[in-house]
Number of protein chains: 2
Amino acid sequence: MPPLTVQPRNAGTEGLRRQNTAAVLRSLREHGASSRAELAQHTGLAKATVGVIVAGLEAAGVVVEEDVRSGTRGRPGRPLTLRGERHVGLGLELNVDYVSAVVLDLGGTVLAGDTRPATGPDALGGLVRDVVGEHLPGREVVGTTLAVPALVRGDDRTVAWAPNLDVAGRDLAATVSGLVPGGAVQVSNDANCAAYAEAHHGAARGARHALYLTGTVGIGAGILQHGELVRGGAGFAGEVGHVPVGDPAAACGCGRRGCWEASVGLHAMLAAVGMPELDTPLRSAEAVAARALDDAGVRAGLERVGHDLGLGIAMLSSILDPEVVVLGGYFAALGDLVLAPARRTLDERLASPAQVRPDLRASTLGIGAAALGAAEQSLGPVFAGELDLTGQLPG
Amino acid sequence: MPPLTVQPRNAGTEGLRRQNTAAVLRSLREHGASSRAELAQHTGLAKATVGVIVAGLEAAGVVVEEDVRSGTRGRPGRPLTLRGERHVGLGLELNVDYVSAVVLDLGGTVLAGDTRPATGPDALGGLVRDVVGEHLPGREVVGTTLAVPALVRGDDRTVAWAPNLDVAGRDLAATVSGLVPGGAVQVSNDANCAAYAEAHHGAARGARHALYLTGTVGIGAGILQHGELVRGGAGFAGEVGHVPVGDPAAACGCGRRGCWEASVGLHAMLAAVGMPELDTPLRSAEAVAARALDDAGVRAGLERVGHDLGLGIAMLSSILDPEVVVLGGYFAALGDLVLAPARRTLDERLASPAQVRPDLRASTLGIGAAALGAAEQSLGPVFAGELDLTGQLPG
DNA sequence: GACTTTAGTTCGAGTGTCGTACTAAATAGG
DNA sequence: CCTATTTAGTACGACACTCGAACTAAAGTC
């Protein structure tokens, strides 16, 4: 297959068509199966225009007609759906102790996904072969995104700093390019990816301004404004772990005291409840949650962690004013054990009387959030009108 | 004159023209006077297209031809410039102890501006009459923006909360609409407006990711990402005054301790140097700066304030990763007396080794920043292609 | 004074959207 | 069962816009 290429020019009428095609695709993703008439309503385009656009998408295999649904008056519409039998986005995650991969189609369906314990980028090759290999015939990979727990530069390719992973300075995008079938490859921060996933498929669905916090040994944040990730000038936005809102006496791995993650990071939480660390953050948290059922001391420890968590969220909320705050990582496994006290602290702490309290929710996506969000990011250019699927010959 | 109306539809070819017209206008603003050939280069449009677009802009009086500049080989270009003899943006500011107004033309030239002491919105009417009245003949006001030190809702019209101003709950946009000649009216937070002004005309020019901090009795922030204001879900983003990074012992007006503004707000600064408050924050700061020249105690006090300022900026920088941080309000008057210690603290405190230190700069716009930024915001829709100036008949 | 170089316009081709008129396919009601 | 009604989708012509090529215009260069 010829490689998909990003079309930068938007000045001519072809760019207009790309924009309108993307609007149709967005409408299909948002509203699900729709007839041409419904698409015309939702997008504001004329019926005739929608007809032409849909014809192109059908020819490219992006859109298929489903069975006619009748029952209403008048001629029944022929519902179109995005079950992309041809185009998928690939999401990978390289983390400290596991690698993960997700194949996502244009309709938002996860076609395949796997997570396996591993250390180091070498495991990615095999995982990609296994997960993608058997699902690829007849499909085309629109793009690949690799999520890593690291500071990723604004070029979306290179890692500037990774405290727990030996990838600093490497052009990871180039490495990944050799492993995947085709399409654009980019690298992205894992918290950013997870935030994106929660906004599209998880607890923050429907919110245009959201904050995602991942709790592991450190604390990372993904910030969404108008549905788009806030990256900052160098791409490093969201580094909230060492914000000084924790217990001023708590020593942090960074050498200072009072860092947030020294009070609410995994190790601090385990110390607060007096329990040992297990092989993964998730399993540690699950053990704590189980013990909390009949141990008041554990519940009290989590209460304190939840309070400190709320302090930091209050601070971030007054700066960023999110509608929803999603808690991922080990926080999700503890659920209301930490969310409830965090909510109470948040209520007390909001800076001004008029401030709106953001909705605190536990992540619903679990450990696969980052890879899913990475896959969703790979599909982003399609829905933004930056990538033209129509130019391809039908398979 | 008929009212200018915002054109929402972008689907048709007219929308395409609006987009390309806006691209030409942006290029003119960015690069200054340019020939049609240069415009074609910068925008990527065909020469023929630029010719048509420019003809429309000339007919509408938005663009004028300057004298031919020769000297190079070949036929000399006829430079076009944006010195908008017809269209201006109006910026107003209603603050605790003064009101301000600015008339800004499309080329970025301030045609008129005035600031006068006043308390309450009643003074706005007279100011607008005086400032706009004498500069309006033949011109058209594209839009008006009112800057207020308050939490402005996402509707850009109503005030949710204003600690120092009796405007809470009011639809200020409706009030202002009665005072100004025409065009859309919106209300905006003063720190956001000032941030916008610094990015277009001041210390943050050229930076796409910037943070503006205004120091008066309280501390407010304006956040720019990709040149656009970060507003948050309800419009309340940037409320940084009560972030708990100050001296934990310092009591704040909000009832808690440790708030940032309790350590770096105007009153805290004056207490640190042992000097009295004068009639305005600016004058107070100027007196302190003068005294600092030969009073080591004052310098030591400012050193401490600068340190606490740096702590908060470090925190905000790790969250938002700005390229530039601009300090306005009373901070600007103190200059390096607080900026130098803030820079030192910032260098120490940056969360990770790879983090980029943002450039700390004093505001260059002074007290008129908010009104200027408000005026610039009024012109925003023109350069974004949301407002069509071409449909108007030439005056 | 012919040549070269660059600026700007004219013109026709190509692409796209839109509204109207038309055909298609279902239900509702006698 | 047949007709009227209602809604979906298509065909077609009008209109708007961009683009490249050819052309004209206006300077400097040799």
Side-chain angles (χ1 to χ4, degrees), chain A residues 7-24 27 31 33-59 63-81 385 388 390-391, chain B residues 7-24 27 31 33-59 63-81 385 388 390-391:
Chain A
Q7 309 277 2
R9 291 287 303 281
N10 253 30
T13 53
E14 292 95 342
L16 193 54
R17 166 59 63 92
R18 268 210 318 284
Q19 291 290 110
N20 288 338
T21 302
V24 167
S27 177
H31 297 100
S34 320
S35 66
R36 291 164 181 78
E38 288 167 333
L39 285 172
Q41 269 245 246
H42 290 142
T43 59
L45 297 168
K47 279 197 304 177
T49 308
V50 171
V52 177
I53 288 174
V54 165
L57 289 172
E58 272 189 294
V63 145
V64 290
E65 241 174 43
E66 287 187 335
D67 288 344
V68 172
R69 64 176 162 215
S70 62
T72 63
R73 276 176 83 89
R75 171 176 170 178
R78 307 207 301 261
L80 299 155
T81 182
D388 184 13
T390 299
Chain B
Q7 307 278 2
R9 291 289 302 281
N10 252 30
T13 53
E14 291 96 341
L16 193 53
R17 167 60 61 92
R18 268 211 316 284
Q19 292 290 110
N20 288 338
T21 304
V24 168
S27 177
H31 297 99
S34 320
S35 67
R36 291 165 181 77
E38 288 166 332
L39 285 172
Q41 244 264 242
H42 290 141
T43 59
L45 297 169
K47 278 196 306 177
T49 307
V50 171
V52 177
I53 288 174
V54 165
L57 289 172
E58 271 189 296
V63 146
V64 289
E65 240 173 45
E66 287 187 334
D67 287 344
V68 172
R69 65 177 160 212
S70 61
T72 63
R73 277 175 81 90
R75 172 178 169 177
R78 307 207 299 264
L80 299 155
T81 183
D388 185 12
T390 300

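Listed by chain and number, the residues in a side-chain contact (heavy atoms from CB on, under 4.5 Å) with A:Gln41 amount to none (sequence neighbours excluded).
Among the protein residues, A:Ala37 comes within range of the sugar-phosphate backbone only, with heavy atoms under 4.0 Å from sugar or phosphate atoms but none that close to a base.
Put simply, A:Arg78 has no side-chain N or O that comes within less than 4.0 Å of OP1 or OP2 on C:dA24. Dashed line: the shortest gap from a side-chain N or O of B:Asn20 to OP1 or OP2 of D:dT18 is under 4.0 Å. The side chain of A:Arg17 places no N or O atom within less than 4.0 Å of a non-bridging phosphate oxygen (OP1 or OP2) of C:dT15. When the side-chain nitrogen and oxygen atoms of A:Thr13 are compared with OP1 and OP2 of D:dA16, none of them lie within a distance under 4.0 Å.
If you measure from atom CG of B:Leu39 to atom P of C:dT9, you get 12 Å, rounded to the nearest angstrom. For A:Glu38 and D:dT7, the CD to P distance is 13 Å, given to the nearest whole Å. If you take CG of A:Leu45 and C1' of C:dC18, they are 10 Å apart, rounded to a whole angstrom. The CG-P distance, from A:Leu80 to D:dA8, rounds to 13 Å in whole Å. At whole-Å resolution of the value, CG in A:Leu16 and P in C:dT15 are 14 Å apart. Rounded to whole angstrom, the span from the CD atom of B:Gln19 across to the P atom of C:dG16 amounts to 18 Å. Rounded to whole Å, the distance from CD1 on A:Ile53 to P on D:dG9 is 15 Å. Protein atom CZ of B:Arg36 is 16 Å distant from nucleotide atom P of D:dT18, rounded to whole Å.
Here C:dT27 is the nucleotide among C:dG16, C:dT27, C:dT9 with the atom lying nearest to any side-chain atom of A:Arg73. Closest approach to the B:Ala48 side chain among D:dG20, C:dG19, C:dT4 is made by D:dG20 (side chain taken as heavy atoms from C-beta onward).
Looking at A:Arg75, its side chain has no donor and acceptor atom pair within 3.5 Å of the base of C:dA25.
Between B:Pro76 and A:Lys47, the residue anchored nearer the 5' end of DNA chain D, judged by the nucleotide with its closest heavy atom, is A:Lys47. Both B:Thr72 and A:Val52 lie near DNA chain C, and the one whose nearest nucleotide falls closer to the 5' end is B:Thr72.
The minimum heavy-atom distance linking A:Leu39 with A:Leu80 is given by the pair CD1-CD1, 4.0 Å.
When side chains are defined from C-beta on, B:Thr43 does not count as touching B:Thr49, because their heavy atoms never get closer than 4.5 Å.
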- Dump the intermediate steps for side chain to side chain contact (heavy atoms under 4.5 Å, CB included) on A:Glu38 and A:His31, then the final yes or no. CA-CA 10 Å; A:Glu38 288 167 333; A:His31 297 100; over 6 Å; no
- Residue pair A:Arg36, A:Arg78: steps toward the side chain to side chain contact (heavy atoms under 4.5 Å, CB included) verdict: CA-CA 7 Å; A:Arg36 291 164 181 78; A:Arg78 307 207 301 261; 3.8 Å; yes
